[in-house]
2 protein chains.
Amino acid sequence: MVRWVPGTPDRLQHAALELFAARGYEQTTAAEIAQAVGLTERTFFRHFSDKREVLFHGQQSLTDAFVAGVAEAPQAASPIELSLNALRSASAFFPDDRRPYSRLRQSVIDDNPALQEREAHKLVRLGRSLADALTERGVDDLTADVVAQLSVMAFGIAFARWIRADEHHSFEDVATDVVCRIGDVARQLEP
Amino acid sequence: MVRWVPGTPDRLQHAALELFAARGYEQTTAAEIAQAVGLTERTFFRHFSDKREVLFHGQQSLTDAFVAGVAEAPQAASPIELSLNALRSASAFFPDDRRPYSRLRQSVIDDNPALQEREAHKLVRLGRSLADALTERGVDDLTADVVAQLSVMAFGIAFARWIRADEHHSFEDVATDVVCRIGDVARQLEP
DNA sequence: GTCTATAGTGCGATAGAC
DNA sequence: GTCTATCGCACTATAGAC
């Protein structure tokens, strides 16, 4: 007989998402989420630094995917190729069968400003991690920032489109379209 | 003898920034900020929806400047020209004599994750407002998102560089450099 | 202006895993 | 024995309701 089941953070996250979707984020207390999986409020806060964080644990692996995409690129790759590789590497996180989950999660986030703030900040930090990875590959500071943020921007726009109700293309196809449009637009910046 | 001095939000903001800089954000309570300008905690929360917001009232006028930059552009302007106009219009908010203030404010924000979240979210919303303004000028959805976020991204990178200790160029000069680099990089995206 | 719920923290106690 | 997951309690500040 085990005293605690493994995978507590995951169970808390799923319970939280269900409760948030059913009653709303603010109408759900941390104690209720904990109770839903047979734990106490205090234990909830042992796993997550705050209530919002329960929906964002897993972001780290997305960041890792981006960074790994940079690391795995060929030595001769240009900065922009590095960042495209990062984006492609991250695309693996969003197979078609994940769309329903992503849509539900996003609908909860879109309903609550506090969650939107956390989401925005996570993307900023993703950009910083990516820029750091590029700097380590010898890319200069400004180029690293620009390329990293272009990549995160493409990801963000692609994700928003990928979860739209009428969208059926794969994440990678959507992302490719977005990247092409970025190129189209930016080419009109006079040199 | 006046019953209340005008500009209460401004006075609260300045008192808050001073206290945050001196003791740290978390070590300063809303009641103390209110007390510093002779008001009660209750009055503080009448002016600001939460404690963080005291550092961000004024963001709306930055958004307005971006949007106005789009509105004032000539009818024939391309999407990218619209967004460059928006960025230029916003540059007026950052004359050289504002740098010390911006530096102090940013150092407080950089010290506290909760403030960084609010800042990130404000930029996201700025991008949305800008995209909406572009859509109203007849730009298609995807291009509007791309161009708006490019503009906000250029702004963010330029601002971070403008407040660096060793930076003496004007905001507009720094922003121009950033925009050029974006163009350089994005031109390498194959069509 | 007062009253209250909830988020979040600090510290100590318990009990299983190793 | 150590380490870690959990619980319990007391506490403060935020923020919203009345």
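Just so it is clear: chains get the letters A, B, ... in the order the sequence lines come, proteins before strands, and each one is counted from 1. Here the structure is a predicted model, which means the values were calculated and not measured.
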Rounded to whole angstrom units, what separation is found between the [atom1] atom of [X] and the [atom2] atom of [N]?
X: A/L12; N: D/dA5; atom1: CG; atom2: P; result: 13 Å
X: A/I33; N: D/dT6; atom1: CD1; atom2: C1'; result: 18 Å
X: B/Q27; N: C/dT9; atom1: CD; atom2: P; result: 13 Å
X: A/Q35; N: D/dC7; atom1: CD; atom2: P; result: 11 Å
X: A/E32; N: C/dG8; atom1: CD; atom2: P; result: 15 Å
X: A/E53; N: C/dA7; atom1: CD; atom2: P; result: 15 Å

Can you find a heavy atom in the side chain of [X] that is under 4.5 Å from one in the side chain of [Y]?
X: A/D184; Y: A/R187; result: yes
X: A/L17; Y: A/Y101; result: yes
X: B/E172; Y: B/L87; result: no

Return a single string for nucleotides 11-18 of chain D, one symbol per nucleotide in 5' to 3' order, where B is base contact, S is sugar-phosphate-only contact and - is none, cutoff 4.0 angstrom on heavy atoms.
---BSSB-
With a cut-off of 3.5 Å and sequence neighbours excluded, list every side-chain donor-acceptor pair involving residues 53-64 of chain B.
from  : atom 1 : to     : atom 2 : distance (Å)
B/E53 : OE1    : B/R118 : NH1    : 2.5
B/E53 : OE2    : B/K122 : NZ     : 2.8
B/H57 : ND1    : B/Q13  : OE1    : 3.4
B/H57 : NE2    : B/D10  : OD1    : 3.2
B/Q60 : NE2    : B/D64  : OD1    : 3.0
B/S61 : OG     : B/G58  : O      : 2.7
B/T63 : OG1    : B/Q59  : O      : 3.3

Would the distance check show the side chain of B/T143 and the main-chain N or O of B/V139 forming a donor-acceptor pair, the cut-off being under 3.5 Å?
no
B/E18, CD: over 12 other non-hydrogen atoms inside 6.0 angstrom
no
Crowding at CD, A/Q35 (>12 non-hydrogen neighbours, <6.0 Å)
no
Given Watson-Crick or G-U pairs with both distances under 3.5 Å, what dot-bracket string fits DNA chain C, with | for other-strand pairs and [ ] for crossing?
||||||||||||||||||
Once you round to the nearest 0.5 Å, how far does OG of A/S107 lie from CG of A/N112?
11.5 Å
Check whether any side-chain nitrogen or oxygen of A/T40 sits under 4.0 Å from OP1 or OP2 of D/dC7, and answer yes or no.
yes
Check the phosphate of D/dA5 against A/H47, side-chain N and O only, distance under 4.0 Å to OP1 or OP2. Yes or no?
no
Pairing donors with acceptors under 3.5 angstrom, does anything connect the side chains of A/H169 and A/E167?
yes
